[in-house]
Amino acid sequence: MPELPEVETIVRGLKARIIGWEVKEIIFLSNYLKNKYPENKKVLKHFRGKKVSAVSRRGKMIMVGLDGELHWLIHLKMTGQLYLARRNEPVDKHVHVRVIFKGQAEELRFRDVRKFGFWFCLKGPELKNKVCASLGPEPLALKYHDFVQLWQKYPARQAKSLLLDQKIIAGIGNIYSDEILFRAGIRPERRARTLKPEELRKIYFMMKQVLREAIAQKGSSISDYIDSYGERGEFQEKHRVYGKEGKRCQRCKRGFIRRQKIAGRSSYFCPVCQK
DNA sequence: AGCCCATCCTGTCCGC
DNA sequence: TGCGGACAGGATGGGC
């Protein structure tokens, strides 16, 4: 499931390659994106001949800017993939969008097995701005003081649910919230109001550290995730709790990793050293 | 206010 | 081996 580090890796990879590429053709291979966003078909014609001018990320959202206020707004949700492939590479039934570029041997593909993700073609910045405005701050740019204020606003909420909430902090999902809370030594169900200042500081520090390390490792590949080059990440090797139910805790060597549904998600933690 | 649950979807895995 | 059900989860929306 692509979260901030995976999306960041994809964006960096695309940025290095497709800036300046001219769109020759956009091919939608399935109808589900049209149902999610009927405008997709209507504005398609405006994209021909336009050049990619920017690739960026906001939370888990990917934004590709083209000349003349045209954008692609892409969310990979759980199983979405966005990558460059050679034109002659086979297209399977889960590829929903292909973008052919003028004079380029590679095309951009959007593939999504579960069809939760989306690819919107936008003319004008309105929807993009609206979506960005609904997201909380970027965790890697967040100052400690502002982080503390956010948590003080929701004293009754569970630590995990705050980390997962895109309106509060943008980009963290189920894997990284568990890994952050493990490294901070905090149980996912702890209420914000019960956190001592030094505990909150630990969460803040580990949030930055885990996300930075994961980006350096090009994300976590649990099942479907690949980057824009079609390559897997390495950070799953550094996971301490996620998907490790029943395994001995590598930190305290006493607890066994427990799995429990918290904040509506499978959550993994060490019952001994997470307090 | 905050949590839970269902929903969207399909591949995978487990038990019978 | 084969079938059916549970499960995975990002975001959203409704109910309690």
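Not measured: the values here are computed from a predicted model. Quick note on labels: first sequence line is chain A, next is B, and so on, each numbered from 1.
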Q: Let me know the distance between CZ of A:R114 and C1' of C:dG9, rounded to the nearest Å.
A: 7 Å
Q: Hey, which sits more toward the 5' end of DNA chain B by its nearest nucleotide, A:R191 or A:F116?
A: A:R191
Q: Just call it for A:Y242: base, sugar-phosphate, or nothing, with non-hydrogen atoms closer than 4.0 Å on any strand.
A: sugar-phosphate
Q: Ignoring backbone atoms, establish whether A:T79 has a side-chain N or O less than 4.0 Å from OP1 or OP2 of C:dA8.
A: no
Q: Round to the nearest Å and state the distance from A:K130 atom NZ to C:dA11 atom P.
A: 17 Å
Q: Decide, yes or no, whether a salt bridge links A:R183 with A:E179 under the criterion of side-chain N to carboxylate O below 4.0 Å.
A: yes
Q.
In the structure I gave you, are the side-chain heavy atoms of A:L76 and A:F110 within less than 4.5 Å of one another anywhere?
A. yes
Q) Taking NE2 from A:H94 and C1' from B:dG11, how many angstroms apart are they, rounded to a whole number? A) 8 Å
Q | Electrostatic pair A:K24-A:E22, nearest N-O below 4.0 angstrom | A | no
Q: Using whole Å, report how far CG of A:D165 lies from P of B:dA1.
A: 13 Å
**Q.** Gap between atoms NZ and P, on A:K34 and B:dC8 respectively (whole Å)
**A.** 20 Å
(Q) Expressed as a whole number of angstroms, how long is the span from A:M61:CE to C:dA11:P? (A) 8 Å
Q: Would you indicate, yes or no, if B:dT10 has its OP1 or OP2 atom less than 4.0 angstrom from a side-chain nitrogen or oxygen of A:K77?
A: no
Q. Distance check: side-chain N/O of A:H75 vs OP1/OP2 of C:dA11, anything under 4.0 Å?
A. yes
(Q) Any non-hydrogen side-chain atom of A:F182 less than 4.5 Å from a side-chain atom of A:Y268? (A) no
**Q.** Whole angstrom value for the distance that separates P of B:dG2 from CD1 of A:I262
**A.** 17 Å
Q: Could you please name the option among B:dG11, C:dA8, B:dC3 that lies closest to any side-chain atom of A:R259?
A: C:dA8
Q | Given DNA chain C, 5'-ward residue of the pair A:S266 and A:K60, judged by closest heavy atom | A | A:S266
Q) Touch check for A:Y32, heavy atoms < 4.0 angstrom, all strands: base, sugar-phosphate only, or nothing? A) nothing
(Q) Base, sugar-phosphate or nothing for A:K167? Non-hydrogen atoms, less than 4.0 Å. (A) nothing
Q. Below 4.0 angstrom, N of the basic side chain to O of the carboxylate: do A:E138 and A:R57 qualify?
A. yes
(Q) So, OP1 or OP2 of C:dC7: does either fall under 4.0 Å of a side-chain N or O from A:R265? (A) no
Q. What nucleotide among B:dG11, B:dC3, C:dG9 has an atom nearest to a side-chain atom of A:R157?
A. B:dC3
**Q.** Which nucleotide in B:dC3, C:dG10, B:dT10 has an atom nearest any side-chain atom of A:K115
**A.** B:dT10
Q. Quick one: A:D112 CG to C:dG10 C1', roughly how many Å, whole number?
A. 11 Å
